[in-house]
There are 2 protein chains.
Amino acid sequence: MKESSYVGPRSPENALFGLLYLHPDHGYQLYQRLVAELGEIWHLSQSQTYNILNRLEKQGFVIGKLQQQDKLPDRREFHLSDSGRLRFEEWLNNPSGCSIRAMRVEFISRLYFAHRIDSEKVWRFIDEQKLQLNNGLDRLGQTMADTPSEQVFNRMGLEFRIRQLESALEWLEDCRTAFETDTTGAIT
Amino acid sequence: MKESSYVGPRSPENALFGLLYLHPDHGYQLYQRLVAELGEIWHLSQSQTYNILNRLEKQGFVIGKLQQQDKLPDRREFHLSDSGRLRFEEWLNNPSGCSIRAMRVEFISRLYFAHRIDSEKVWRFIDEQKLQLNNGLDRLGQTMADTPSEQVFNRMGLEFRIRQLESALEWLEDCRTAFETDTTGAIT
DNA sequence: GAGGCTATACTCACTGAGTGAGTAAAATCC
DNA sequence: GGATTTTACTCACTCAGTGAGTATAGCCTC
């Protein structure tokens, strides 16, 4: 038996953590909420939702309680354990990676939860993410400079990433102003 | 025992298929080539390379032959089987998906192999990929139109993807002109 | 009121992605 | 001549994601 020092992407669990942070729920309903609220962002299947939930329970991040119902099937309501809540807050409060995928999926999710939990965080998240992207751009520029011109396609890949990150930065700007007009303007 | 009808992303195998298509090789060297040629595009580890190679052999897409060496460790040279070659050509000659990841990883790899195998294909690939992206944009626009304005964050995700795809389209244009000046200009 | 469909609620077995440690001998460097 | 690097590959693991299956209740239709 190994010690299991695996630290992978572990991304989709955070969506579930977040929804359970907002309020406890059972798998079926949780999946419905995920689709309704963040369905364009996370593309989980129902069975994957259950898979993750079961894993998180084994790992002690969520706790499930069986609820009997007279007519409908039994269900298990999950809520976050302390370690689960900690995990989520850790993920929530630290900037996402500077990949496009991280921006599209993780960052936007973090904005969603920030907006629901403590909307003041939104500004900090956006500004920190800008820094993150700028750092990423600097590193990519450096890598580009270190990549000899014979490696045409490696350079193409780098160029592509740089362009995409620049475009993401612009989007971040617009995102900020959108939130600004949203909060000064009207009903949230 | 199930029938195993799984069809997943199956992406990284195509990089290996391509390199083996160019010429047969053993795992160690293949990994070196991958890093040197497409290291900024595919981020495989050495062990993952071997993993995939072994799987592909079990599935009959590549064939390995043991080569004894007097001093250095034995190695196994792999070449594509007919089904492997078919698989690769299938992947190579059909447009990549219209996600950013597909553009960055799969499309650029396909350009790399096209450039090495039959450089005339490059033009077709670029033009077909433009179509692909435009179709994707249309679908996203439609989804956006179908997404009620309450779903703020779903809309944010869609908006982000649209912007990124538009930026990718611009890159495709520039990519085309870069290839044009490359071929009219000078030494390939 | 019988037959079919949809909603509720979840399980299970699988393939593939990706990690990280380990093995072992030759070559090379200091 | 001792330490490190290079060559060459294995193995056991965790997590991502799929797709089929289970079983009952409610609803709609003819």
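A note on names: the letters A, B, ... follow the listed sequences, proteins ahead of strands, and every chain is numbered from 1.
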### Task
Mind jotting down which residue pairs meet the ring-ring contact (aromatic ring centres under 6.0 Å, His included) criterion with at least one end in residues 36-58 of chain B? Sequence neighbours excluded, please.
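Counting only pairs at least two positions apart or across chains, no ring-ring contact (aromatic ring centres under 6.0 Å, His included) contact touches residues 36-58 of chain B.
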
### Task
Kindly state each residue pair satisfying ring-ring contact (aromatic ring centres under 6.0 Å, His included) with at least one member in residues 122-145 of chain B, sequence neighbours excluded.
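Non-adjacent pairs meeting ring-ring contact (aromatic ring centres under 6.0 Å, His included): zero.
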
### Donor-acceptor pair under 3.5 Å, B/Asn51 side chain vs C/dT19 base
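Yes.
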
### Query
With B/Glu173, which residues qualify under side-chain contact (heavy atoms from CB on, under 4.5 Å), at least two apart?
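Only B/Lys130 meet the side-chain contact (heavy atoms from CB on, under 4.5 Å) criterion with B/Glu173.
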
Partners passing ring pair (Phe, Tyr, Trp, His ring centres under 6.0 Å) against [X] (at least two apart in sequence or in another chain):
| X | result |
| --- | --- |
| B/Phe160 | A/Trp171 |
| B/Tyr21 | B/Phe88 |
| A/Tyr112 | B/Phe153 |

[N] [atom2] sits how many Å from [X] [atom1], rounded?
| X | N | atom1 | atom2 | value |
| --- | --- | --- | --- | --- |
| B/Arg76 | D/dC9 | CZ | P | 8 Å |
| B/Asp70 | C/dA25 | CG | P | 16 Å |
| B/Leu53 | C/dA17 | CG | C1' | 15 Å |
| B/Asn54 | D/dA8 | CG | C1' | 12 Å |
| A/Tyr31 | C/dA7 | OH | C1' | 14 Å |
| B/Leu34 | D/dA8 | CG | P | 17 Å |
| B/Tyr50 | C/dT19 | OH | P | 17 Å |
| A/Lys58 | C/dC12 | NZ | C1' | 11 Å |

Salt bridge present between [X] and [Y] (N-O < 4.0 angstrom):
| X | Y | result |
| --- | --- | --- |
| A/Glu159 | A/Arg163 | yes |
| A/Asp82 | A/Arg85 | yes |
| A/Arg116 | A/Glu37 | yes |
| A/Arg155 | B/Glu40 | no |

### Message
What residues from residues 37-45 of chain B pass a heavy-atom cutoff of under 4.0 Å to DNA chain C?
### Response
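Those residues are B/Ser45.
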
Please list, pair by pair, any protein nitrogen or oxygen found under 3.5 Å from a nitrogen or oxygen in nucleotides 4-7 of chain D.
from, atom 1, to, atom 2, distance (Å)
D/dT7, OP2, B/Tyr28, OH, 2.9

### Task
Verify the cluster assignment for B/Ile108 and B/Leu44: are they in a single hydrophobic cluster under the rule of side-chain heavy atoms below 4.5 Å apart?
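Yes; tracing contacts between hydrophobic side chains, which count when under 4.5 Å, links both residues.
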
### Query
Is there any salt bridge (charged side-chain N to carboxylate O under 4.0 Å, His left out) pair reaching into residues 15-24 of chain B, and which pairs are they, with sequence neighbours excluded?
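Sorted result for residues 15-24 of chain B: empty, none.
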
### Task
Could you check which of C/dC12, D/dC9, C/dA27 has an atom nearest any side-chain atom of B/Lys71?
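Of the candidates, C/dA27 comes closest.
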
### Task
Would you indicate which nucleotide in D/dT10, D/dC15, D/dA20 comes nearest to any side-chain atom of A/Ser47?
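For A/Ser47, the side-chain atoms sit closest to D/dA20.
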
### Query
Looking at residues 77-99 of chain A, who's got a heavy atom less than 4.0 Å off DNA chain D?
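Residues of residues 77-99 of chain A under 4.0 Å from DNA chain D: none.
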
### Query
Quick one: bend of the helix from C/dG1-D/dC30 to C/dC30-D/dG1 from 5 pairs per end, to 10°?
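It comes to 30° between the two terminal axes.
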
### Task
Please tell me which of A/Ile52 and B/Gly27 maps to the more 5' nucleotide of DNA chain D, matching each residue to the nucleotide holding its nearest heavy atom.
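Taking each residue's closest nucleotide, the earlier one in sequence belongs to B/Gly27.
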
### Message
C/dG16, OP1 or OP2 - any side-chain N/O from B/Gln59 closer than 4.0 Å?
### Response
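Yes.
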
### Query
Taking the side chain as C-beta and beyond, is there a heavy-atom pair between B/Arg76 and B/His26 under 4.5 Å?
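Contact flag for B/Arg76/B/His26 side chains = no.
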
Please table the atom pairs, donor to acceptor, closer than 3.5 Å between any side-chain atom in residues 136-145 of chain A and protein atoms at least two apart or in another chain.
from, atom 1, to, atom 2, distance (Å)
A/Gln142, NE2, A/Asp146, OD1, 3.3
A/Thr143, OG1, A/Arg139, O, 2.8

